[in-house]
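Scroll down for the structure; my scribbles are underneath it.
In this chain, residues are counted from 1 in sequence order. Heavy atoms only: backbone and side chains are in, while hydrogens, waters and symmetry mates are out. From a predicted model like this one, the values you see are computed outputs, not experimental measurements.
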Amino acid sequence: QVQLQESGPGLVKPSQTLSLTCTVSGGSITTSHFYWSWIRQPPGKGREWMGAIAYDGETYYSESLKSRASISGDNAKNTVYLQMNNLKPEDTAVYYCAARWGPITDWDRQGQGWYDYWGQGSQVTVSS
């Protein structure tokens, strides 16, 4: 079975950079046609798809975050990473990694994607 586990700092100061790790077990991030997404949900708001990395390493980003976010993967460690710079209080959210067999579509980009696997989520609070 595939399991995803997010880890990160919890608290980030404004203007600093967020670094999150999604550790994958039970399956390889290079398995053909799997896409590994980062999704966040601010308190009281809906889900926001941030971006994804595909099995072949190609990356995809939301238009709103592409200037700040960077997604990468380490095949040897079977992990996916998210980095986002210039954090703001409105970036406070629960951050999830999630995966699906199948490409990124407008459903993902609209925050309504369907995923085979989810991590538990990692709370990120942006505050001084």
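- In this structure, Cys22 and Leu82 have side chains that are not in contact, with every pair of non-hydrogen atoms separated by 4.5 Å or more.
- Put simply, the side chain of Glu6 gets close to the backbone of Gly121: a donor and an acceptor are under 3.5 Å apart.
- Following chains of ILVMFWY side-chain contacts shorter than 4.5 Å, one can reach Trp101 starting from Val80, so the two form part of one hydrophobic cluster.
- Two residues are said to be in side-chain contact when any heavy atoms from C-beta on lie closer than 4.5 Å; Met84 and Trp38 fail this criterion.
- Side-chain contact check for Asn78 versus Ser25: every heavy-atom pair is 4.5 Å or farther apart.
- At least one donor-acceptor pair under 3.5 Å links the side chain of Arg109 to the backbone N or O of Tyr61.
- Rounded to the nearest 0.5 Å, atoms NE2 (His33) and CG (Asp56) are 9.0 Å apart.
- Rounding to the nearest 0.5 Å places CG of Leu65 at 9.0 Å from CD1 of Ile71.
- Between the Arg68 side chain and the Asn86 main chain, a donor and an acceptor come within less than 3.5 Å of each other.
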Next on the checklist: Pair Asp106, Gln112 - check side chain to side chain contact (heavy atoms under 4.5 Å, CB included), show working.
Outcome noted: CA-CA 8 Å; Asp106 285 345; Gln112 296 181 308; over 6 Å; no

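- Formation of a donor-acceptor pair under 3.5 Å by the Ser37 side chain with backbone atoms of Ile39 is not found in this model.
- The shortest distance between side-chain heavy atoms of Val124 and Asp91 does not fall below 4.5 Å.
- For Ile104 against Ala52, the heavy-atom pair with the smallest separation is CD1-CB, 3.8 Å.
- Remark: the Arg100 side chain and the Tyr35 side chain contain no N/O donor-acceptor pair separated by less than 3.5 Å.
- Taking all atoms of both residues into account, the shortest heavy-atom contact from Gly73 to Ile53 is N-CD1, 3.6 Å.
- Looking at Gln41, its side chain never comes within 3.5 Å of a backbone N or O of Ala93 through a donor-acceptor pair.
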Item to check | Worked verdict on Ser122 versus Leu20 for side chain to side chain contact (heavy atoms under 4.5 Å, CB included) | outcome: CA-CA 8 Å; Ser122 179; Leu20 289 173; 4.0 Å; yes

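- When atom types are taken as modelled, the side chain of Asp108 and the backbone of Gly113 share no donor-acceptor pair closer than 3.5 angstrom.
- In this structure, Arg47 and Tyr96 have side chains that are not in contact, with every pair of non-hydrogen atoms separated by 4.5 Å or more.
- Judged by distance alone, with hydrogens and angles left aside, the side-chain atoms of Trp36 form a donor-acceptor pair with the main-chain N or O of Ile29 at under 3.5 Å.
- Heavy atoms from other residues, nucleotides or ligands lying under 6.0 Å from CD of Gln110 number more than 12.
- Within the 3.5 Å criterion, the main-chain N or O of Thr79 finds no donor-acceptor partner in the side chain of Thr23.
- In this structure the side chain of Lys88 never reaches within 4.5 angstrom of the side chain of Val126, judged on heavy atoms.
- Within the 3.5 Å criterion, the main-chain N or O of Gln1 finds no donor-acceptor partner in the side chain of Tyr117.
- Atom CD of Gln16 and atom CG of Leu87 lie 8.0 Å apart (nearest 0.5 Å).
- To the nearest 0.5 Å, atoms OH (Tyr81) and SG (Cys97) are separated by 12.0 Å.
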